[in-house]
Engineer: 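Here it is, the structure, as structure tokens.
Ligands are counted one by one from 1 in listed order, and the atoms in each one are counted from 1 as well.
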Amino acid sequence: MRIGIPEALLFRRYEPFIRKFFDNLEVDVVYSGPTNGEIMERGIAHCVDEACLPMKIFQGHVVKLQAECDKVVVPRLMKCEFGDSICPKFVGLPELVGKGRAGSKIIFTEPLYLNDRNKLRKAVIKQSKQIGVSKAKVNDAFRAVEEFVRARKQGECYGAGAVSSCEGGGENTGGITGIHDGAIKVALLGHPYNISDSYANMNLVSKLKRLGICPVTGDELTREDMDEQMTGLMKAPYWRFYRENFGKAMALLKKGSVDGILYVSSFCCGTDSVTIEMIRSRIGDFSMLVLKLDEHTAEAGMDTRLEAFAELLERRRQKSKGTVPFDFLKGEKA
Ligand code: SF4
């Protein structure tokens with residue numbers, strides 16, 4: 001039996017763990033590969049019109065795998081590893097994708113609580129039966145993943161996956177490494193799948209580097225670093241990515257390590273509409289550009305906006321030399 005795994009949504013973030021688990025299950029696994037034009041077109045054709053771009057892309061990966069595999073993994077993620085809630089579209093992912101005529105092949109639809117070891121293990125055992133894998137085998141694979149998780153340092157999961165900042169020259173950067181020390185730096189924020197999918201975001205990281213801008217993803221920040229930024233909020237953020245992006249924005253600004261914020265969002269994303277406004281309410285007139293992605297986003301328009309943003313940041317940097325820094329927590333001059 002061939003099992004298909006879509007390389008979309010949170011796949012990049014959890015990729016090492018997913019691969020470790022399925023390697024240890026010793027089943028025949030096919031990964032869908034990075035998003036491309038054909039996958040995107042298939043997703044748009046099969047998904048409901050109202051869905052956001054990341055969901056349409058996920059659908060495209062599923063449709064591709066459906067033709068090649070006996071079963072396709074479509075997880076129903078209920079809670080993330082710290083117990084945070086996630087967008088309801090993740091909770092209803094099997095139903096959303098099922099409407100795309102892949103329903104009969106979908107597996108791993110049991111609710112997954114990444115913050116509850118026993119619930120998670122039981123759900124995975126139940127699902128694995130459908131592909132003929134014994135409980136003992138699942139337990140072995142589960143233990144292998146747990147050992148792997150322990151070996152990694154805490155907080156590492158905050159990365160978008162496959163996106164390097166200026167120091168590296170990773171796959172998505174187009175190999176551009178000529179960023180000098182004094183380069184303009186922007187906090188590159190947004191949902192991990194919008195940042196790590198270079199087809200969906202039209203090679204954003206490479207574009208930034210060509211403009212001489214260093215993207216700072218804040219991947220080194222830990223959960224504690226994020227939580228410190230929630231002080232003063234009326235209520236702790238409910239959504240995982242609200243907490244993460246708001247926390248990263250505030251932490252990076254307080255450190256003074258960025259000249260601006262670039263927030264990559266999906267058209268009609270409800271959680272982002274709150275997150276973006278919360279960040280704006282805290283940063284005063286600090287420079288922030290929001291790029292909205294959907295299937296109609298024109299590359300030329302994006303290039304123009306990025307060039308204008310780069311110019312603005314450069315002008316502001318020149319102007320602010322020697323001026324009093326902002327107190328970002330109050331949004332006023334310190
Ligand atoms: S959080 Fe926003 S972008 Fe992500 S799946 Fe939900 S609506 Fe789409």
Engineer: For the pair Ile213 and Lys185, evaluate side chain to side chain contact (heavy atoms under 4.5 Å, CB included) and give the outcome as yes or no after the intermediate values.
Structural biologist: CA-CA 6 Å; Ile213 295 178; Lys185 295 188 177 65; over 6 Å; no

Engineer: For ligand 1, which atoms have a heavy atom of Tyr193 less than 4.0 angstrom away?
Structural biologist: 1 (S), 3 (S), 4 (Fe), 5 (S)

Engineer: Suppose I only count heavy atoms of Cys52 and a 4.0 Å limit; which atoms of ligand 1 are within that range?
Structural biologist: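 Checking each atom against Cys52, I get 3 (S), 5 (S), 7 (S), 8 (Fe).
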
Engineer: Check ligand 1 against Met55 and write out every atom of the ligand that is under 4.0 Å from a heavy-atom position of the residue.
Structural biologist: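 Near Met55, meaning under 4.0 Å from one of its heavy atoms, ligand 1 has 5 (S).
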
Engineer: Indicate if the distance from atom 4 (Fe) of ligand 1 to the nearest N, O or S atom of Thr271 falls below 2.8 Å.
Structural biologist: no

Engineer: Regarding Asn24 and Arg143, is there a side-chain donor-to-acceptor distance under 3.5 Å anywhere?
Structural biologist: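 No pair is found: no donor N or O on one side chain lies under 3.5 Å from an acceptor on the other.
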
Engineer: Quick check on contacts: which atoms of ligand 1 are under 4.0 angstrom from a heavy atom of Lys89?
Structural biologist: 7 (S)

Engineer: At a 4.0 Å threshold, what atoms of ligand 1 neighbour a non-hydrogen atom of Cys87?
Structural biologist: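 With Cys87 as reference, the close atoms of ligand 1 come out as 1 (S), 5 (S), 6 (Fe), 7 (S).
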
Engineer: Looking at the rings of Phe142 and Phe21, which for Trp means the six-membered one, are their centres under 6.0 Å apart?
Structural biologist: no

Engineer: For the residue pair Arg240 / Ser85, report whether a side-chain donor-acceptor contact shorter than 3.5 Å exists.
Structural biologist: no

Engineer: Output the list of atoms in ligand 1 that are nearer than 4.0 Å to some heavy atom of Ser266, sorted by atom number.
Structural biologist: 3 (S)

Engineer: Passes side chain to side chain contact (heavy atoms under 4.5 Å, CB included), Val216 versus Val186? Steps please.
Structural biologist: CA-CA 6 Å; Val216 177; Val186 295; over 6 Å; no

Engineer: Classify the side-chain pair Ser266/Asn194 by whether it contains a donor and acceptor separated by less than 3.5 Å.
Structural biologist: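 Side-chain D/A pair, Ser266 to Asn194: present.
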
Engineer: Tell me, please: is Asp272 in heavy-atom contact with ligand 1, that is, under 4.0 Å?
Structural biologist: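 False for this residue.
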
Engineer: Could you tell me whether atom 8 (Fe) of ligand 1 has an N, O or S atom of His191 under 2.8 Å away?
Structural biologist: no

Engineer: What part of Cys269 sits under 4.0 Å from ligand 1 if we count only heavy atoms: the side chain, the backbone, both or neither?
Structural biologist: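 Under 4.0 Å from ligand 1, Cys269 contributes backbone and side-chain atoms.
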
Engineer: So does Lys254 pair up with Glu228, basic N to acidic O under 4.0 Å?
Structural biologist: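 Between Glu228 and Lys254 there is no salt bridge, as every charged N stays at least 4.0 Å from the carboxylate O atoms.
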
